[in-house]
Participant: 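First, the structure itself, so that you have it in front of you.
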There are 2 protein chains.
Amino acid sequence: MDVNLVAAVRRFNRTVTQRVGALDDRYMARGRPLAQARLLWEIGPGGAEVAALRSRLGLDSGYLSRLLRTLEGDGLVTVGPADRAGGDGRVRVAALTGAGLAEWSELDRRSDEFARSVLAPLPGRRRERLVAAMAEVERLLVASLVVIGPCPPGDPRARACVRAYAREVGRRFDGGFDPAVSSPVHDEELVPPAGVFLLASLNGEPVGCGAVKLHAGAPAEIKRVWVSDSVRGLGVGRRMLDELERYAAERGWAAVRLDTNRALTEAIAMYRSAGYQEVEPFNTEPYAHHWFEKLLAP
Amino acid sequence: MDVNLVAAVRRFNRTVTQRVGALDDRYMARGRPLAQARLLWEIGPGGAEVAALRSRLGLDSGYLSRLLRTLEGDGLVTVGPADRAGGDGRVRVAALTGAGLAEWSELDRRSDEFARSVLAPLPGRRRERLVAAMAEVERLLVASLVVIGPCPPGDPRARACVRAYAREVGRRFDGGFDPAVSSPVHDEELVPPAGVFLLASLNGEPVGCGAVKLHAGAPAEIKRVWVSDSVRGLGVGRRMLDELERYAAERGWAAVRLDTNRALTEAIAMYRSAGYQEVEPFNTEPYAHHWFEKLLAP
DNA sequence: GGGATTGCCTGACTAAAGTCAGGCACATGG
DNA sequence: CCATGTGCCTGACTTTAGTCAGGCAATCCC
């Protein structure tokens with residue numbers, strides 16, 4: 001990887017995280033310990049479950065409990081049982097009191113003020129360029145936060161991805177898409193050792209999927225490669241494809257293949273650029289127009 | 001200010017400083033307290049004076065001393081008197097030992113690795129776009145770190161700016177620039193109550209200057225407005241002008257004026273866009289081609 | 001040369017952050 | 001309905017970060 005690019009990223013990290021980050025903290029914690037301020041902020045006007053707070057802030061259970069007790073003692077927060085009927089009686093939710101809400105608004109105001117202080121010294125044009133550049137950095141950084149890993153096909157997140165996939169395909173195919181007509185894929189085929197289902201997640205939210213079936217005595221077959229709109233163009237599809245190929249290659253398969261619909265033009269371009277060759281139809285999938293195959297390096 | 005811009009900056013701050021910043025810290029501090037790791041890093045292979053470390057890291061004198069003692073105890077650092085002949089016998093320099101250098105290299109390697117991990121998931125094109133956007137964000141953020149404040153004209157930083165100003169003017173004027181020919185400005189004229197000299201600094205380094213003389217019974221006169229190349233285009237000149245005008249207005253002056261050379265085209269454009277009107281020559285400055293005046297709001 | 005200043009150090013603190021073990025109440029799956 | 005697990009809590013700790021006052025030696029400025 002180009003050394004100049006790496007150096008530029010390092011410079012950016014240094015400038016931005018140290019200076020802006022540190023300043024941001026000072027703005028947040030108004031006399032209050034930073035951890036408390038962050039917690040108060042994270043609870044927010046709508047309240048939050050204690051478990052959610054723990055995972056969002058990455059805090060130890062005991063430490064969080066103590067922080068909540070302190071805020072409760074200051075009259076900013078109330079912690080009580082979740083009042084959802086039929087809910088788990090163990091989970092507790094934290095909510096802001098009137099005073100807590102006032103405090104939260106103050107934090108919100110300060111956060112706003114800080115953002116303004118970043119923009120204020122710039123002339124109008126540059127302001128817009130800064131914001132545009134920030135949006136681009138943010139969007140592209142997201143790519144490094146997407147993690148791809150195996151997931152049972154029955155998992156709700158996996159199901160959500162497959163549904164999103166079907167919805168999109170239904171919207172884009174000329175004559176719509178009827179899952180009953182397409183050749184079916186059963187969950188058992190996507191569980192090791194028969195195959196695998198991979199999920200791409202961003203901060204725990206599913207943003208893409210892909211699967212491979214390891215057919216005995218035939219090339220492995222890639223299915224259901226899908227990437228959410230929110231992260232399209234960030235190379236997630238390509239990484240998914242790489243992972244699926246790697247899975248097959250590591251288990252001894254020498255080739256993978258897949259079929260696709262002519263409406264999915266970006267997908268087709270990606271397959272070609274990833275080294276897939278168009279081949280004669282190898283199945284009778286009614287929605288397919290193109291069939292691809294790629295030989296895997298051993 | 002546009003609410004959308006503010007919201008975008010806040011989103012950026014949140015994503016970048018919290019996620020990237022936190023990760024960066026984890027990468028840095030390998031088992032060692034973060035403050036120690038940062039200090040080790042800041043000392044660097046070339047060593048550093050203790051005073052410099054204190055100001056760069058913003059640490060309390062006692063705390064820094066203790067940190068150095070700890071690193072010394074771990075055999076990573078040696079602290080000794082500065083060995084420059086004729087140097088101040090009180091200043092001490094910290095230097096890395098062999099083990100310290102190894103540790104430093106490891107930190108460097110990790111920092112590199114982290115930068116790579118940000119770039120790695122992206123396809124090549126996007127990688128370059130990310131780096132370009134980062135560079136733009138960094139550059140434009142710098143504007144918010146520039147502070148403008150009064151400074152005695154005899155201060156070495158002020159002198160450095162005035163020298164840089166004269167150098168640049170000498171380079172750009174058709175026939176060069178000879179300070180002896182130009183109408184002189186004496187330090188006393190730029191000290192309250194006669195006038196003021198303002199310095200623009202970025203992290204303590206001078207990056208621009210400007211001065212105003214409060215003539216009795218005449219418009220105040222703006223002199224020596226200069227901005228370093230490194231921060232040009234970020235609105236620093238305009239801010240400097242605003243501050244100088246404010247200074248004069250607050251003390252009861254109703255107008256400011258200035259003269260300038262035709263070679264300084266951006267400056268002339270800035271004066272016009274800031275509301276300055278071209279007027280007849282009000283002095284006999286040999287290097288001036290344009291004279292401007294602006295009425296100040298009371 | 002003597003008083004004030006500066007650079008660095010030590011001792012004596014405090015507050016914040018974070019860890020760990022255990023305990024109670026509720027939930028869940030046989 | 002019992003064993004096991006989960007969510008939250010408390011008590012008892014440690015480590016890290018940071019502050020403040022004072023002190024010594026070198027230096028600077030009359």
Participant: For the side chain of V79(B), counting heavy atoms from C-beta on, which of dC9(C), dC8(D), dA25(D) is nearest?
Facilitator: dC9(C)
Participant: To the nearest Å, give me how far apart CG (L67(A)) and P (dC9(D)) are.
Facilitator: 11 Å
Participant: Between dA17(C), dT16(D), dC9(D), which nucleotide has the shortest distance from any of its atoms to the side chain of P33(B)?
Facilitator: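 Output: dT16(D).
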Participant: Counting side-chain heavy atoms from CB outward, which of dT10(D), dT19(D), dC8(C) is closest to R66(B)?
Facilitator: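 In terms of side-chain proximity for R66(B), the closest of dT10(D), dT19(D), dC8(C) is dT19(D).
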Participant: D60(A) has an atom CG; how far is it from atom P of dC20(C), in whole Å?
Facilitator: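 Atom-to-atom, D60(A) to dC20(C), this comes out as 8 Å.
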Participant: Starting at atom CG of L64(B), determine the distance to atom P of dA17(D), rounded to an integer number of angstrom.
Facilitator: 13 Å
Participant: Nearest-Å distance, CZ (R69(B)) to P (dC8(C))?
Facilitator: 11 Å
Participant: Contact class for L34(B) (heavy atom, under 4.0 Å): base, sugar-phosphate, or nothing?
Facilitator: sugar-phosphate
Participant: Respond yes when some side-chain nitrogen or oxygen of R92(A) is under 4.0 Å from OP1 or OP2 of dG7(D), and no when none is.
Facilitator: no
Participant: Considering only side-chain heavy atoms of V50(A), which listed nucleotide, dG7(C), dC9(D), dC9(C), is closest?
Facilitator: dC9(D)
Participant: Looking at F114(A), does the NZ or CZ of R110(A) lie under 6.0 angstrom from its six-membered ring centre and within 45 degrees of the ring axis?
Facilitator: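 Because its charged atom misses either the 6.0 Å distance or the 45° angle limit, R110(A) does not stack over F114(A).
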Participant: Quick one: R32(B) CZ to dT16(D) C1', roughly how many Å, whole number?
Facilitator: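 That distance rounds to 14 Å.
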Participant: Are any of the side-chain heavy atoms of R32(B) and L76(B) separated by less than 4.5 Å?
Facilitator: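 In contact.
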Participant: Between atom CZ in R90(B) and atom C1' in dG23(D), what is the gap in whole Å?
Facilitator: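 It works out to 15 Å between those atoms.
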Participant: Should R10(B) and E138(A) count as an ion pair when the cut-off is N to O under 4.0 Å?
Facilitator: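 Between E138(A) and R10(B) there is no salt bridge, as every charged N stays at least 4.0 Å from the carboxylate O atoms.
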Participant: Are any of the side-chain heavy atoms of W41(B) and D108(B) separated by less than 4.5 Å?
Facilitator: yes
Participant: Could you state the CG-C1' distance from L57(B) to dG18(D), rounded to the nearest angstrom?
Facilitator: 14 Å
Participant: Check each of T70(A), I43(A), L67(A), L39(A) against V77(A) using the side-chain contact (heavy atoms from CB on, under 4.5 Å) test, and report the only one that passes.
Facilitator: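 Testing each of T70(A), I43(A), L67(A), L39(A) against V77(A), the sole residue satisfying side-chain contact (heavy atoms from CB on, under 4.5 Å) is I43(A).
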Participant: Tell me the interatomic distance from L59(A), atom CG, to dC8(D), atom C1', rounded to whole angstroms.
Facilitator: 14 Å
Participant: Given dA16(C), dA17(D), dC8(D), identify the nucleotide with an atom nearest to the side chain of Y63(B).
Facilitator: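 It is dA17(D).
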